Structure formats: C-alpha cells, structure tokens
Amino acid sequence: MKNNNSDFLHLGNKLLHWYSQNARDLPFRKTRDPYKIWICEIVFQQTRISQGLNHYNNFVDRFPDVKTLAEASEDEVLLYWKGLGYYSRAINIHKAAKQIMSDYTGVFPSEYDEILKLKGVGKYTAAAISSICFNGKMPAVDGNFYRVLSRVFADDFDISSSRAFAYFSELSQLIIPDNVGDFNQAMMDLGSEICKPRNPVCLECPLNKDCLAFSLNKTHEFPVKTKKVKAENLDLHYFFVHRNGKFLIQQRKDDFIWKKLFEFPASIPEALKPFNKGSKILHHKLTHKNLTIEVNDIEVSSEEMWNDFTSKNEYLITDFESSLMRSFPKPLENYIQNRLKK
DNA sequence: AAATCGGGGAG
DNA sequence: CTCCCAGATTT
C-alpha cells in the first residue's frame, strides 16, 4: 500500500545524481560566498543567465564585497545595472548592503529569517542563499519549481495564483532530499536545460520515468497559467536640447518605470520657448514594443540661449562620453548613440 | 489578491 | 507578434 509521501523521495535523489554530472559551469557555482550568491540571485531574478552573465561578472568585479558595495554611490550601482531592467533591484541591493554594514556588522547573515529582512530579498532568494551557502533547508521555489513540479505530478494548480508559492513549496516537500542547496540548483538547471517552458527535452530528463505529464504526452499543458500579462502602451516625450556636443539631462524619480535612471528633460520652461529664431528643431519618433518615444531634437543656435538653458539648476549638462557613465533607459541609450556617435 | 516593474530572446 | 525568465514590492 502506497499512501505516504516517502513514495516520491527518490525523485530528489535522482535529480541530485543528474546534477552531479550535468551542472552548468557558471561563475557563481565556484563559490559559497553568500555575497556573491546574493548578487547572483538578485541579478537573475526574471532574467535569463545568458542575458545577465556579463552584468553579474562586472558587478562583482567592481563591488567584490558588502563593504565596497555599501560605500559606493547609488548612481554608480545603477550604472552597473544599466540595461538589466527592474532597476529597483539595484537600489534595494545597495540599501541592503548598507543594512548589512549597520545591522550585521558587515557580516552576511546566515539565518533564513535574517536574510529575509534584507531589502529586495524575498522568500525565494532567502531560501536560495541560506541553502547554497549555509546548509539551509528551505526550497527555493521559483518558476522552475512551478514548471517541473506541475509537470511531474500533472498538477493543474494555477501558477499565476497568489497561492502558487505556498502550494508548490508544500508540493516540493514530497521530493526534497537532504542536500537542499544542490537540490535547489538542480531544479534551476533542470528547468533551464531540460524541462524548458517550450519544447522540453524529456528524452534526456532524469525524471521522465516518473513524470506524469510526460507519460500522458501532455507536458505542453503544464504549468497552467490563467492570468495574462497586459502590456499597457506608454507614450513619452522628451527634449533633446544640445549644442556643441553637450546636452541636458535629469534624473527620474523612484516611483515609476526606470527608477532613478537619467533621461532628457520631459519638458522645458515656457520662458525658454521658442529657443530662438535660428535653432534647428527635429522631431524623432521611436517605437519599441508597447513604448512610444517622441523626441524634440533641438540644436540651440546661440551661446546666449544655451546659457539660459544651462543656468537652470534642474538640468545636468553632459556629453556623449560623460553620458556613458550614467544609466539611461535602453531606448534613450540607443537614441544617444545613434544621434551623437557620428 | 492584484498590479507593477525591463529587457532580451525563442518560437 | 506572444510568452517567458534564479521574484519582490506596493497597494
């Protein structure tokens, strides 16, 4: 009579064996430094390894430890996050570094409950760090867990439900082995390399004999996700005000998209319109996905008028070379390069 | 419980 | 074009 949870424990051990021979060779796999693992976990939230690998390497190279990161400026941390997206991660990672310096004397906390208190660290990340670095026993339940578990058990629980994390945390207990750190990483690699969202490579999967969805030929039906992600359109207007290679920028707030990144002025004072008789004005429009950006490209003709602009304290003055040292939204980054590189 | 936050790449 | 990715935070 099979009526207890121990029936599935061999799955976790099969996974560990597969992982011992198929683990991806990644830079953060060579360390148990909680700082490095932390950075890695934040960088790769909602981000593919191939997309974030350079950012991870550059980040830990410039900020090799908590103290270095805590003592850096927020703008420089954002610079190293340039192009990665979800910029609150960079702001939180910087706050958390200061938090570790002040609340934990600069020593990375080792307990799950303490790690969870760090800014930008949620249940997944706290579990990942504690299990990989401190032999913690919490499953690091992420999208890979949702996908692998829902397929293995042909479970149609809606992963877009707010209860999905608790549900699949519970479900993972059926197969979780003693070595939770390796198990968590094994689930990540399996989900990434084998049990992929589309076209999973089931013939190479160590769990294919145990996978209900595979035996039913229904892997494509799992996981179930009902909620659709709606992409609202966003229209932005900018003034690219420039003269002799210099141009105006300002820093965004932290309450909307592109938190604290730099951008062109979204408006200019009425007093400075119209710039003056001779200024050349171009209108550029760029679209990308749900984003529409219109740029009033104004070459200020007189030194006098330029001085009127630059005397406004609300603007920063920069040029192409200096702009490389700021983090701009990707579309504006591209615009600057196309506009001034020549 | 639901909305929001980026950008790149696969299909 | 749509969907997804080593999720967390805010409301």
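Since we're looking at a predicted model, the values are computed, not measured. A, B, ... follow the sequence lines: proteins, then strands. Residue 1 opens every chain.
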Atom-pair distance ([atom1] on [X]; [atom2] on [N]), nearest Å:
X: A:I257; N: B:dC5; atom1: CD1; atom2: P; result: 6 Å
X: A:W258; N: B:dT4; atom1: CH2; atom2: P; result: 16 Å
X: A:E333; N: B:dG7; atom1: CD; atom2: P; result: 10 Å
X: A:N290; N: B:dG6; atom1: CG; atom2: C1'; result: 10 Å
X: A:I42; N: B:dG6; atom1: CD1; atom2: P; result: 15 Å
X: A:Y86; N: B:dG8; atom1: OH; atom2: C1'; result: 12 Å
X: A:R89; N: B:dT4; atom1: CZ; atom2: P; result: 19 Å
X: A:D158; N: B:dA1; atom1: CG; atom2: P; result: 12 Å

Nearest 0.5 angstrom please: A:F145 CZ to A:Y124 OH, how far?
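OH of A:Y124 is found 8.5 Å from CZ of A:F145.
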
Atom pair SG (A:C205) and CG (A:L190), whose distance is rounded to the nearest 0.5 Å
4.5 Å

Identify whether any heavy atom of [X] sits under 4.0 Å from a base atom; if not, whether one sits that close to sugar-phosphate; answer base, sugar-phosphate or nothing.
X: A:R252; answer: nothing
X: A:F28; answer: base
X: A:V43; answer: nothing
X: A:G191; answer: nothing
X: A:R147; answer: sugar-phosphate
X: A:K225; answer: sugar-phosphate
X: A:F256; answer: sugar-phosphate
X: A:T125; answer: sugar-phosphate
X: A:N144; answer: sugar-phosphate

Note: for A:R24 and A:K119 on DNA chain C, the residue whose nearest nucleotide lies more 5' is A:R24

Let me know, please, whether A:V121 or A:K228 comes out on the 5' side of the other along DNA chain C by nearest nucleotide.
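Here A:K228 is the residue nearer the 5' end.
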
Please measure how far the P atom in C:dT10 lies from the corresponding atom in B:dG6, and state the result in whole Å.
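C:dT10 and B:dG6 have their P atoms separated by 14 Å.
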
Distance, P atom - from C:dA6 to B:dC5, rounded to whole angstrom
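Result for the P pair: 22 Å, nearest Å.
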
Do A:K196 and B:dG11 share a donor-acceptor pair, side chain to base, under 3.5 Å?
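Counting by modelled atom types and ignoring angles, no donor-acceptor contact under 3.5 Å is found here.
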
Between the base of B:dG7 and the side chain of A:T47, is there any donor-acceptor pair under 3.5 Å?
no

State, without any angle test, whether [X] and [Y] hold a side-chain donor-acceptor pair at a distance under 3.5 Å.
X: A:S73; Y: A:D75; value: no
X: A:Y167; Y: A:D155; value: yes
X: A:S322; Y: A:D319; value: yes

Suppose we call two aromatic rings close when their centres sit under 6.0 Å apart. Are A:F63 and A:Y35 close by that rule?
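Distance test on ring centres: not under 6.0 Å, no.
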
Along DNA chain B (nearest heavy atom to each residue), the more 5'-positioned of A:L261 and A:R198:
A:L261

Between A:R163 and A:Q51, which is nearer to the 5' end of DNA chain B once each is assigned its nearest nucleotide?
A:R163

Are A:E114 and A:K117 ion-paired here, with the side-chain N under 4.0 Å from a carboxylate O?
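A:K117 and A:E114: salt-bridged.
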
I'd like to know if A:K280 pairs up with A:D297 as an ion pair, taking the criterion as any Lys NZ or Arg NE/NH1/NH2 lying under 4.0 Å from an Asp or Glu carboxylate oxygen.
no

Anything under 30° is parallel, anything over 60° is perpendicular, the rest tilted; go ahead and classify A:F44 against A:Y56.
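Taking A:Y56 first and then A:F44, their aromatic rings sit tilted (interplane angle of 30° to 60°).
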
When the ring planes of A:F168 and A:Y146 are compared, do they come out parallel, tilted or perpendicular, using 30° and 60° as the limits?
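Answer is tilted, since the angle falls between 30° and 60°.
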
Could you list where the contact with chain A starts and ends along DNA chain C, reading 5' to 3', using a 4.0 Å heavy-atom cut-off?
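Answer, 5' to 3': C:dC3 to C:dT9.
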
Tell me which residues in residues 33-41 of chain A put a heavy atom below 4.0 Å from DNA chain C, sorted by number, or none.
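Hits under 4.0 Å, by residue number: A:C40, A:E41.
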
Apply side-chain hydrogen bond (donor to acceptor under 3.5 Å, both in side chains) to the pair A:N144 and A:R147, showing each step before the final yes or no.
CA-CA 5 Å; A:N144 293 303; A:R147 192 167 56 256; 2.8 Å; yes

